[in-house]
Amino acid sequence: GADDDDARRMQVARAAAAALPRGTIRISHGTFRWRTDAATDLLHDITLEVNPGELVALVGQVGSGKSSIMAALLGEMYRETGEVTVVGRVAYVPQQAWIMNASVESNITFGRDMDRARYDAAVKACALLPDLAMLAAGDQTEIGEKGINLSGGQKQRVSLARATFADADVYLRDDPL
């Protein structure tokens with residue numbers, strides 16, 4: 001029946017993804033919507049291929065679907081048709097930085113084991129050194145609820161540093177600056 005066909009398609013898709021190198025992104029003829037009961041598709045017949053090591057920028061007017069494509073890649077939209085493949089670990093930096101009520105360091109390491117060299121490189125690469133120098137306890141400064149004691153730019157730099165520290169295969173950055 002239909003369930004068996006879906007299970008076979010999923011098995012074939014998993015096998016195909018296993019053969020691709022980490023860092024590969026593919027959308028093949030994808031049609032997506034936010035809700036299953038939506039009358040119209042938000043994204044229709046999208047095809048995208050990004051190979052490991054490539055840098056791709058989605059450029060368009062406000063409301064043209066750039067963030068929706070990110071959501072489709074993250075599995076946050078209902079997929080009507082097509083296939084989506086993202087091979088490897090993903091680090092995502094949203095438009096609106098998400099900050100937890102914890103130290104700056106904890107917001108960057110985000111539950112991962114500390115790797116001091118990788119941490120220092122992420123902080124430097126994301127231009128956080130001047131910010132940390134201004135904070136009373138440096139990276140041990142406790143960030144208030146919703147990042148209340150950080151500026152918008154500082155929150156975004158912390159979010160970027162978290163993604164950089166994650167040492168992922170795929171980095172998705174949705175207008176982070």
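Just so you know, these numbers come straight off a predicted model, no measurement behind them.
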Visitor: Is any side-chain heavy atom of V87 less than 4.5 Å from a side-chain heavy atom of D169?
Guide: no
Visitor: Considering residues at least two apart in sequence or located in another chain, which fulfil the side chain to side chain contact (heavy atoms under 4.5 Å, CB included) criterion with T81?
Guide: T31
Visitor: Check whether any side-chain N or O of S64 sits under 3.5 Å from a backbone N or O of Q61 as a donor-acceptor pair, and report yes or no.
Guide: yes
Visitor: Would you check if the side chain of Q156 reaches a backbone N or O of A97 as a donor-acceptor pair within less than 3.5 Å?
Guide: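 Side chain of Q156 to backbone of A97: a pair is present.
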Visitor: Quick check for you: to the nearest 0.5 Å, what is the distance between N149 atom CG and Q154 atom CD?
Guide: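 Spacing of CG (N149) from CD (Q154) equals 8.5 Å.
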Visitor: Quick test of your reading of the model: are E83 and R26 salt-bridged, counting only N-O distances below 4.0 Å?
Guide: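 R26 and E83: not salt-bridged.
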Visitor: Heavy-atom count check: over 12 atoms from other residues, nucleotides or ligands less than 6.0 Å from E49 CD?
Guide: yes
Visitor: How long is the span from the OG atom in S106 to the CE atom in M114, to the nearest 0.5 Å?
Guide: 8.5 Å
Visitor: What verdict does the side-chain contact (heavy atoms from CB on, under 4.5 Å) test give for R173 and L160, after you've listed the backbone C-alpha separation in whole Å, the side-chain angles of each residue and the deciding distance to 0.1 Å?
Guide: CA-CA 8 Å; R173 296 179 174 140; L160 280 168; 3.6 Å; yes
Visitor: A91: what forms a side chain to side chain contact (heavy atoms under 4.5 Å, CB included) with it, not counting sequence neighbours?
Guide: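 In terms of side chain to side chain contact (heavy atoms under 4.5 Å, CB included), with neighbours along the sequence ignored, A91 is linked to A163, A166, A168, Y171.
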Visitor: From R33 CZ over to L43 CG, what is the distance, rounded to the nearest 0.5 angstrom?
Guide: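 It comes to 11.0 Å.
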Visitor: Is a salt bridge present between D120 and K124, judged by a nitrogen-to-oxygen distance below 4.0 Å?
Guide: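 Between K124 and D120 there is no salt bridge, as every charged N stays at least 4.0 Å from the carboxylate O atoms.
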Visitor: Answer with yes or no whether the hydrophobic clustering places M134 together with L150; edges join I, L, V, M, F, W, Y residues whose side-chain heavy atoms lie under 4.5 Å apart.
Guide: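 No; tracing contacts between hydrophobic side chains, which count when under 4.5 Å, never links both residues.
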Visitor: Given L42 and M77, is the side-chain contact (heavy atoms from CB on, under 4.5 Å) satisfied, shown in steps?
Guide: CA-CA 10 Å; L42 183 61; M77 292 185 75; 3.6 Å; yes
Visitor: Using side-chain heavy atoms (C-beta onward) and a distance below 4.5 Å, is I25 in contact with L73?
Guide: yes
Visitor: Walk me through whether R22 and R89 qualify under side-chain contact (heavy atoms from CB on, under 4.5 Å).
Guide: CA-CA 8 Å; R22 297 173 73 80; R89 288 196 339 234; 4.2 Å; yes
Visitor: About how many Å separate OG of S159 and CD of Q96, when rounded to the nearest 0.5 Å?
Guide: 10.0 Å
Visitor: Looking at F165, is R118 sitting on its ring face, NZ or CZ under 6.0 Å from the six-membered ring centre and within 45 degrees of the normal?
Guide: yes
Visitor: Whether D174 and K66 form a salt bridge (side-chain N of Lys/Arg under 4.0 Å from carboxylate O of Asp/Glu) is what I want to check.
Guide: no
Visitor: Can you confirm whether V50 sits close enough to T24 that some side-chain heavy atom of one is under 4.5 Å from a side-chain heavy atom of the other?
Guide: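 Not in contact.
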Visitor: To the closest 0.5 Å, what do you measure between CD1 (I69) and CG (L172)?
Guide: 11.5 Å
Visitor: Which value, rounded to the nearest 0.5 Å, describes the distance between R116 atom CZ and T109 atom OG1?
Guide: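 Reported value, rounded in 0.5 Å steps: 9.5 Å.
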Visitor: One pair to check against side-chain contact (heavy atoms from CB on, under 4.5 Å): K155 and W98. What are the steps and the verdict?
Guide: CA-CA 8 Å; K155 291 177 196 176; W98 186 87; over 6 Å; no
Visitor: Can you check whether M100's main-chain N or O pairs, donor with acceptor, with N107's side chain at less than 3.5 Å?
Guide: yes
Visitor: Can L48 be reached from Y92 by stepping across I, L, V, M, F, W or Y side chains whose heavy atoms are under 4.5 Å apart?
Guide: yes
Visitor: Check for me whether R79 meets the cation-pi criterion with F32, that is, NZ or CZ under 6.0 Å from the six-membered ring centre and within 45 degrees of the ring axis.
Guide: no
Visitor: Quick check: do N101 and I143 have side-chain heavy atoms less than 4.5 Å from each other?
Guide: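 Contact flag for N101/I143 side chains = no.
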Visitor: Within a strict 4.5 Å, meaning less than it, do heavy atoms of the D131 and R157 side chains meet?
Guide: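 A side-chain contact under 4.5 Å exists here.
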Visitor: Tell me whether the count of non-hydrogen atoms from other residues, nucleotides or ligands lying under 6.0 Å of CD in E54 goes above 12.
Guide: yes
